[in-house]
Amino acid sequence: KKYDLSLFLESYASRYMNFAISPGVTLTSRNLFGGGENLETTLKGTLGSVNKDFSPNNAFLNAYEISLETKLKFPYLLTPIYLDNLLPKRFVSETAIRTNISTQKNVGLDKTSYGFGLDMDISSSEFQHKISLFNTEFVNNRKSGRYFDIFNRDNEIKNNVESLYYHYNPNAPQYDNDDDRINAILEDKNFQNQLIGDEAKLFVEFENMLYRKANISQNIVINSFIYQFTYNQENAFRPKSNPWFIQARIELAGNLLRGLDRLFNFNRSEDLNNDKVGFIFGIPYSQFVKFDFDIRHKVKLNSNSTFAGRFAFGIIQPYGNSVSAPFIRSYSAGGANDVRGWAPLTLGPGSKPRINTNSQSLEFESLKLLFNTEYRFNLFGSLEGAYFIDAGNIWGIKKDHPETLFKFKDFYKEFGIGSGFGFRYHIGTFAIIRFDLGYKIYDPSYELGDRWQFDDFNLFKPRIHFGINYPF
């Protein structure tokens with residue numbers, strides 16, 4: 001038939017959201033140009049739950065996102081010369097031209113994002129090659145000026161340093177806005193040099209907070225090339241009983257814009273980190289290389305139980321026009337599909353000291369290691385149980401931030417280790433509803449010798465996670 005309307009329901013956890021549910025509708029227009037081309041238009045709404053530290057709304061579903069995406073799909077490679085006849089017959093190719101727009105409320109700084117890309121897909125059962133050309137994203141943070149209203153812990157850090165500053169210099173001007181007060185503190189080297197002990201540590205945390213604020217608040221343009229390879233034995237013509245999943249992905253961003261910058265001499269100005277960078281249409285463009293690797297394995301122990309494991313590694317290196325990686329491409333740890341003893345974005349980086357407060361800072365960095373294991377077993381009917389152990393963390397790669405720097409001799413001591421148990425209810429072959437209870441077992445934010453949490457373990461105070469389908 002010419003047109004097809006389909007409804008769907010998704011659920012997931014993200015770097016901000018502990019839990020999200022997304023109903024949507026897709027309209028497909030078939031054979032648009034008479035050669036098997038299809039146009040898909042998808043409207044999706046998302047209701048989610050974010051930590052109270054990241055939203056002024058304390059209701060369970062306290063955030064939402066609305067997105068619209070169009071995909072024009074061609075059943076062949078859309079290239080200047082016809083290449084499909086060069087592919088082995090067992091491979092199927094597809095090209096998609098996509099555009100998208102989304103807007104968020106109570107998810108970070110309420111960003112609006114726009115995107116465009118040309119994606120080419122070549123696949124054959126368990127093998128898939130995906131190339132994204134001209135992958136372009138523009139991110140606009142609509143409430144960047146409300147950063148300290150939204151991120152309570154960072155506001156505490158700012159207020160504590162301001163109190164130290166005005167106690168040291170009671171005659172300092174009383175500025176009307178945060179930026180002027182922060183600049184005055186950063187310019188007063190005498191104030192900084194007299195700080196010792198816990199006050200000096202607080203100022204280091206203050207500087208880290210300003211770096212974090214600049215990256216999260218910065219509007220950004222990303223133009224990149226992406227190649228992704230996937231090997232999934234569960235999609236094989238003869239599926240394996242103990243399947244492997246391997247995925248590798250590389251993204252190169254900013255090189256095209258860097259070339260145009262050198263050719264046409266873009267305007268240069270300071271970004272929010274006070275670095276002199278090139279701007280396009282008044283927005284800094286990002287330049288980086290990013291690599292991700294994900295390997296998973298399932299072992300069927302018997303007809304009622306399975307062991308599953310995952311290892312993931314990721315690193316991003318900014319260069320050229322960028323001194324730091326954009327927030328939307330950096331790594332975080334904790335959450336329903338990560339180290340489940342921690343809430344999203346609250347683990348790490350490294351062995352960053354624990355702060356005795358109910359508020360949490362949003363943490364992200366440039367390198368990540370993650371290990372997950374699960375023992376899954378049938379309880380009765382469609383209900384499944386699971387025991388799990390997770391380990392991982394994030395680290396920096398810049399030597400001017402030694403407190404979060406990845407070090408080969410220390411990194412294994414800085415893994416956050418969580419464990420727990422959960423339940424999975426299978427709704428036929430449609431979906432799996434998941435409920436996990438995670439506990440901190442080894443917390444790297446404590447001093448060495450105090451990191452094992454067995455003495456403070458409380459079975460009745462778990463980190464609760466909801467999700468749809470398996471975490472990996």
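One is the number of the first residue; the rest follow in order along the sequence.
- Surrounding NZ of K2 are more than 12 heavy atoms belonging to other residues, nucleotides or ligands, all under 6.0 Å away.
- The residues E374 and R340 are annotated as salt-bridged, a charged nitrogen and a carboxylate oxygen being separated by less than 4.0 angstrom.
- Of the possible polar contacts, none joining the Q128 side chain to the E126 backbone as a donor-acceptor pair under 3.5 Å is found.
- Within the 6.0 Å centre-distance limit, the rings of F127 and Y231 are counted as a close aromatic pair.
- Checked against salt bridge (charged side-chain N to carboxylate O under 4.0 Å, His left out), D121 has no partners two or more places apart in sequence or in another chain.
- Side-chain atoms of Y76 and E37, non-hydrogen and from C-beta on, do get closer than 4.5 Å to each other.
- A salt bridge does not link D390 to K440: none of the charged nitrogens lies less than 4.0 Å from a carboxylate oxygen.
- Ring-plane geometry between Y114 and F138 is classed as parallel, the angle between the planes falling under 30 degrees on a 0 to 90 degree scale with a further cut at 60.
- Using a 3.5 Å distance cut-off with no hydrogens or angles, the side chains of N208 and E403 do pair a donor with an acceptor.
- Between Y442 and F415, the gap from one ring centroid to the other reaches at least 6.0 Å.
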Go through the steps to decide whether R296 and E234 satisfy the test salt bridge (Lys or Arg N to Asp or Glu O under 4.0 Å), and finish with yes or no.
-> CA-CA 11 Å; R296 310 173 190 183; E234 290 187 319; over 6 Å; no

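- A donor-acceptor contact closer than 3.5 angstrom is absent between the side chains of T41 and T70.
- A salt bridge links R268 with D261; the closest basic N to acidic carboxylate O contact falls under 4.0 Å.
- Using modelled atom types, one finds a donor on one side chain and an acceptor on the other under 3.5 Å when comparing E414 with S351.
- Here F435 pairs with F466 under the ring-ring contact (aromatic ring centres under 6.0 Å, His included) rule; sequence neighbours left out.
- Side chain of N458 to backbone of F460: a donor-acceptor contact under 3.5 angstrom is found.
- In this view, F311 and F371 satisfy the ring-ring contact (aromatic ring centres under 6.0 Å, His included) rule, not counting sequence neighbours.
- For N337 and R310, the side-chain atoms include no donor-acceptor pair closer than 3.5 Å.
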Under the salt bridge (Lys or Arg N to Asp or Glu O under 4.0 Å) rule, what do K213 and D154 come out as? Steps first, then yes or no, please.
-> CA-CA 8 Å; K213 174 180 179 293; D154 286 354; over 6 Å; no

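- Between F406 and F411, the distance from one ring center to the other falls under 6.0 angstrom.
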